[in-house]
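Read the numbers this way: they start at 1 and go in the same order the structure lists the ligands and their atoms.
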Amino acid sequence: MKNYHIIILGPPGSGKGTQAKMIAERYGLEHISTGDIFRAKKNEDSELGRTIKDLIDNGKYVPDDITIKIVEEKLGSVNKGYILDGFPRTIPQADALKKFSSIDYVICIGVSDKTLVSRISSRLMCPCGESYNKVTKPPKVKGKCDKCQKKLYQRDDEKPKVVKERLKVYNEKTKPLLDYYKDVLVDIDGEPDIPQVFEQIKKVLD
Ligand code: AMP
């Protein structure tokens with residue numbers, strides 16, 4: 001168990017969520033995913049829920065003020081090390097984070113656009129939270145969850161048109177963070193399979 005404060009950065013489809021979970025487990029960290037927080041909020045029957053749903057489903061970012069407030073509140077209740085998955089995503093978010101947290105490492109998972117698009121378009125979700133991939137992790141029965149047999153679906157924000165928009169927004173708003181964090185940045189090659197990517201990360205964090 002280490003008291004690391006880590007940020008994991010990477011474009012949609014880079015596998016940052018998967019790696020973040022593995023890192024959290026190995027080093028006893030709290031995994032804080034703003035994407036997961038917002039996906040839960042978008043199902044709420046409220047003005048904020050509807051605003052967030054509209055933004056996420058169209059590949060846009062949630063406004064900085066809403067995002068910063070949610071993360072600041074969350075970190076206030078965490079009393080161990082943490083890995084931030086999906087935050088910060090803009091320079092104003094990084095500036096705000098600086099005021100309420102120190103950062104030890106920023107792990108950046110690099111993957112080519114071609115790999116990203118093919119990975120995302122083959123991803124399938126189950127309403128129970130389990131995820132599959134038509135190529136790398138297919139369900140035993142086509143279109144059905146191995147665990148609960150419910151029908152699998154494609155996330156609205158993983159449809160090809162929205163994926164293109166998400167990549168564009170990532171390049172415009174999040175890529176500048178690589179330079180912002182250059183002193184603590186660790187570049188990881190995200191092209192190989194999941195265990196191989198994790199090996200590279202362990203080499204740095206161990
Ligand atoms: P993710 O699961 O990390 O790809 O996040 C899914 C979606 O949630 C993103 O495409 C954004 O619409 C929204 N989101 C997550 N984190 C942030 C953030 N830090 N700033 C703005 N929007 C975010």
Give a yes or no on whether a salt bridge exists between E130 and K137, defined as a side-chain N under 4.0 angstrom from a carboxylate O.
yes

In terms of side-chain geometry, is the basic nitrogen of D45 or R50 positioned less than 4.0 Å from the acidic oxygen of its partner?
yes

Mind checking whether H31 and Y82 have ring centres under 6.0 Å apart?
no

Measure from every N or O atom of ligand 1 to the protein's N or O atoms and keep only the pairs below 3.5 Å, writing each with atom names and distance to 0.1 Å.
residue: ligand 1; atom: 2 (O); partner: R39; partner atom: NH1; Å: 3.0
residue: ligand 1; atom: 2 (O); partner: R39; partner atom: NH2; Å: 3.0
residue: ligand 1; atom: 3 (O); partner: K16; partner atom: NZ; Å: 3.2
residue: ligand 1; atom: 3 (O); partner: R89; partner atom: NH1; Å: 3.2
residue: ligand 1; atom: 3 (O); partner: R89; partner atom: NH2; Å: 3.2
residue: ligand 1; atom: 4 (O); partner: R89; partner atom: NH2; Å: 3.1
residue: ligand 1; atom: 4 (O); partner: R166; partner atom: NH2; Å: 3.1
residue: ligand 1; atom: 12 (O); partner: K60; partner atom: O; Å: 2.6
residue: ligand 1; atom: 16 (N); partner: T34; partner atom: OG1; Å: 2.7
residue: ligand 1; atom: 16 (N); partner: G86; partner atom: O; Å: 3.3
residue: ligand 1; atom: 16 (N); partner: R89; partner atom: NH1; Å: 2.9
residue: ligand 1; atom: 19 (N); partner: G86; partner atom: O; Å: 2.8
residue: ligand 1; atom: 19 (N); partner: Q93; partner atom: OE1; Å: 3.0
residue: ligand 1; atom: 20 (N); partner: Q93; partner atom: NE2; Å: 2.9
residue: ligand 1; atom: 22 (N); partner: V62; partner atom: N; Å: 3.0

What do the steps show when you test F100 against I68 for side chain to side chain contact (heavy atoms under 4.5 Å, CB included), and what is the final call?
CA-CA 10 Å; F100 51 81; I68 291 165; 4.2 Å; yes

K202 and E199 ion-paired at < 4.0 Å:
yes

Identify whether the distance between the nearest side-chain nitrogen and carboxylate oxygen of D57 and K42 falls below 4.0 Å.
yes

